[in-house]
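Just so you know, residue 1 is the first one in the sequence shown, and it goes up from there.
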Amino acid sequence: MSISDAFRARLAGGATTMCLCWRLVRADGLVLGLTEHDRPISVDGVDYDPGAALEAAQFDTGSDLAPGYAAAAGALSSDAITDEDLQAGLWNGAIVTVIRADWQHTDDWLPVWTGRLGEITHGPEGFQAELVSLKSDLERPIGRIYSRRCDAILGDTRCGVDLDDPGFTGLTCDQSFDTCRTRFQNTDNFRGFPHMPGVDFVLSGPDANGTSGGQR
């Protein structure tokens, strides 16, 4: 986003009218705005109330795809944040957007960090929260892993083997197709891809002299 020359100059000059504002959006849609300033301010259509007394805040970001992390310690003081909700995990994974704003000129602000609330722990002086950047979502596996071996757990609903069957007592599974077929007679529920090409297939192309694998 672009910022005005006047705002850029105030930032460079270390103006004392700057404050951090935190917007938290829970999974159920509840939006909460908190600021470290001592008075309520409204920035970009969001109302921020005093209640973010942060003793320490560190943001680690980068231009690559590596996930950035942050940590904050202090106290989030708001009627919307209750111990019951924290214990119930309602704030876990909430989207956190941190901005730096000029409380005298609330049209002037810039984003600092965006991520999610991770683990929240309580201490005698407030809370400690792990903040994880949205880039960490890129590390989450999506879909299934393409593998020759089965990715089900023996006896679960995807496997379907009845472990209460006396014939299967004490048996284990190495998740191979051969074990599924011969030991459990359960090939219809095999959750792997036993016939996928292996490394030997990839290496069976023509050699440097043009000889194909079939003529060796």
Taking every non-hydrogen atom, the tightest pair across [X] and [Y]:
X	Y	result
F7	W109	CE2-N, 3.6 Å
H37	P50	O-CB, 3.4 Å
T106	V43	O-CG1, 3.8 Å

Excluding sequence neighbours, so at least two apart, what forms salt bridge (Lys or Arg N to Asp or Glu O under 4.0 Å) with [X]?
X	answer
R100	none
D151	R144, R158
D28	R26

**Request:** Check step by step if side-chain contact (heavy atoms from CB on, under 4.5 Å) holds for R116 and V96.
**Result:** CA-CA 5 Å; R116 299 182 188 275; V96 180; 5.9 Å; no
**Request:** Might you confirm whether atom CD1 of I153 has over 12 heavy atoms from other residues, nucleotides or ligands at distances under 6.0 Å?
**Result:** no
Rounded at 0.5 Å granularity, tell me how far [atom1] in [X] sits from [atom2] in [Y].
X	Y	atom1	atom2	value
N189	C159	CG	SG	7.0 Å
D107	I3	CG	CD1	13.5 Å
R149	T179	CZ	OG1	7.5 Å
L24	W91	CG	CH2	5.5 Å
M18	H105	CE	NE2	8.5 Å
W103	S42	CH2	OG	16.0 Å

**Message:** Are V98 and L30 linked, directly or through intermediate hydrophobic residues, by side-chain heavy-atom contacts shorter than 4.5 Å (ILVMFWY only)?
**Reply:**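 Both belong to a single hydrophobic cluster.
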**Request:** Is it possible for you to say whether W22 and V112 belong to one hydrophobic cluster, with membership spreading through side-chain heavy-atom contacts below 4.5 Å?
**Result:**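 Yes; V112 is reachable from W22 via cluster members.
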**All pairs passing salt bridge (Lys or Arg N to Asp or Glu O under 4.0 Å) where residues 7-21 contributes a residue, at least two apart** =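 The answer is D5-R8, R10-D102, R10-D108.
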**Message:** Less than 3.5 Å apart, any donor N or O on the side chain of S176 or D174 sitting next to an acceptor on the other?
**Reply:** yes
Donor-acceptor pair, side chain of [X] and main chain of [Y], under 3.5 angstrom:
X	Y	result
R23	Y48	no
D49	P40	no
T35	L20	yes

**Request:** Evaluate the criterion side-chain contact (heavy atoms from CB on, under 4.5 Å) for residue pair V46 and C21; output intermediate values, then yes/no.
**Result:** CA-CA 10 Å; V46 178; C21 299; over 6 Å; no
**Asked** Other than L90, what residues sit in its cluster of Ile, Leu, Val, Met, Phe, Trp and Tyr side chains whose heavy atoms are under 4.5 Å apart, directly or through others?
**Response**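 None; L90 is a cluster of one.
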**Request:** Compare all side-chain heavy atoms of C173 with those of V161 and state whether any distance is below 4.5 angstrom.
**Result:**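 No, every pair of side-chain atoms sits at 4.5 Å or beyond.
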**Message:** My understanding is that only residues two or more places apart in sequence, or in another chain, count here; which of them pass ring pair (Phe, Tyr, Trp, His ring centres under 6.0 Å) with F168?
**Reply:** F184
